[in-house]
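Everything numeric here is computed off the predicted structure, so don't read it as measured data. Order of the sequence lines sets the chain letters (A, B, ...), proteins ahead of strands, with each chain counted from 1.
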Amino acid sequence: MAGQLATIQGLTVDYYFILSTVLFSIGAIGLLTRKNMIVMLMCIELMLNSVNLLLVAFSSYFGTGDAQIFVFFIVVVAAAEATVGLSILIMAYRNNRNIEADLLNNLKG
Amino acid sequence: MTLELIAYILGGLTIGSALMVVLSNHPIRSVLYLVITFFFISGHFLLMNAQFLAIVNIIVYAGAIMVLFLFTLMLLNLNQSDEPNSKNYLSLSAIIGGGSLLLILIAALRDEFTFNEAIHENYSGLVENLGNTLFTKYLVPFEISSILFISAMVGAVLLAKRENQQID
């Protein structure tokens, strides 16, 4: 079963490449547009997940599971980033009573 | 042909719900649309024969991380008046920047490879093969990621801890 490679009808890497690029760009636009810090963190999660999609597509294309291991590590990094980001957000909320990113301008000269 | 149709419909739904994450005004609606997006992405994983990763995506992302976001959002108790609105020229420039990012990524990477070949049906995404790879070839990065988790946990507790109240 491992030797013969049956192609899944109609699915190409090209399609998943364009889909994940579009998702990544939507995440980047959201990160630049929104001022709510929690929505900005969610847009980062969306960008990470679009990269996961492309990695799984390449893993299916090359027939090895190595890329799916990297998806695990990306999930680990995303979980760590979400916990630290949310605790920073709670600190910002305690200081400003708001989670607008523009209010954090204490370092501005 | 039917699989192709399912993939296209899922892709359209994914892009639509990802757009709703960015466009919806209320943050709780954004969280719920992001959960829906992760479910659609798990559907793509199932189409590409990565069953274990699809389940992990639903349990870890939609089940744990997004619920953490939702809890934080509800603990903060924000009003509608607290919702910051971005200026018009800022969002216009952000859309122009993101659109150029999309164009440049597609244009730069399309010439580098030709991806017109179809995706093969393979069995590397099953639990047995994935576990074999993870615990032999990638054992050291797996252990190091546990250190990353511990440090993130300690950092989160340290950051979110209320400072001691001084009695003077």
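Taking the six-membered ring where tryptophan is involved, the planes of A:Y15 and B:Y8 are perpendicular, since the angle between them exceeds 60° and thus also 30°.
By number of non-hydrogen pairs under 4.5 angstrom with chain A, the leading residue of B:N132, B:N129, B:N57 is B:N57. Each of B:V31, B:L101, B:L53 has some count of heavy-atom pairs under 4.5 Å with chain A, and the biggest count is that of B:L53. Between chain A and the options B:F38, B:F69, B:F149, the largest number of non-hydrogen pairs under 4.5 Å is found for B:F69.
With hydrogens and angles ignored, the 3.5 Å screen pairs no side-chain donor or acceptor of B:T133 with any backbone N or O of A:G65. Between the side chain of A:R94 and the backbone N or O of B:A160, at least one donor-acceptor pair lies under 3.5 Å.
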Donor-acceptor contacts, no H, no angles, side chain residues 58-65 of chain B, under 3.5 Å, sequence neighbours left out:
none

Intermediate values then yes/no, side-chain contact (heavy atoms from CB on, under 4.5 Å), A:I90 and B:L75: CA-CA 10 Å; A:I90 285 176; B:L75 277 175; 5.8 Å; no
CA sep, side-chain torsions, deciding dist, call: A:V76, B:F142, side-chain contact (heavy atoms from CB on, under 4.5 Å): CA-CA 10 Å; A:V76 167; B:F142 176 74; over 6 Å; no
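Closest approach of A:R34 to B:V21, counting heavy atoms only: NH1-O, 4.0 Å. The two residues A:S60 and B:M48 make their nearest non-hydrogen contact at OG-O, 2.8 Å. Closest of all the heavy-atom pairs between B:A18 and A:I26 is O-CG2, 3.7 Å. The minimum heavy-atom distance linking A:L19 with B:G11 is given by the pair CD1-O, 3.8 Å. Across B:A152 and A:V84, no two heavy atoms sit closer than the pair O-CG2, 3.9 Å.
When heavy atoms are compared at a cutoff of 4.5 Å, A:A79 approaches chain B by way of both its backbone and its side chain. Of the atoms belonging to A:M42, heavy atoms from both backbone and side chain fall under 4.5 Å from chain B.
Taking the six-membered ring for Trp, B:Y138 and A:F70 have ring centres closer than 6.0 Å.
The closest side-chain heavy-atom distance from B:L102 to A:F24 is not below 4.5 Å. A heavy-atom distance below 4.5 Å is not found between the side chains of B:H44 and A:V56.
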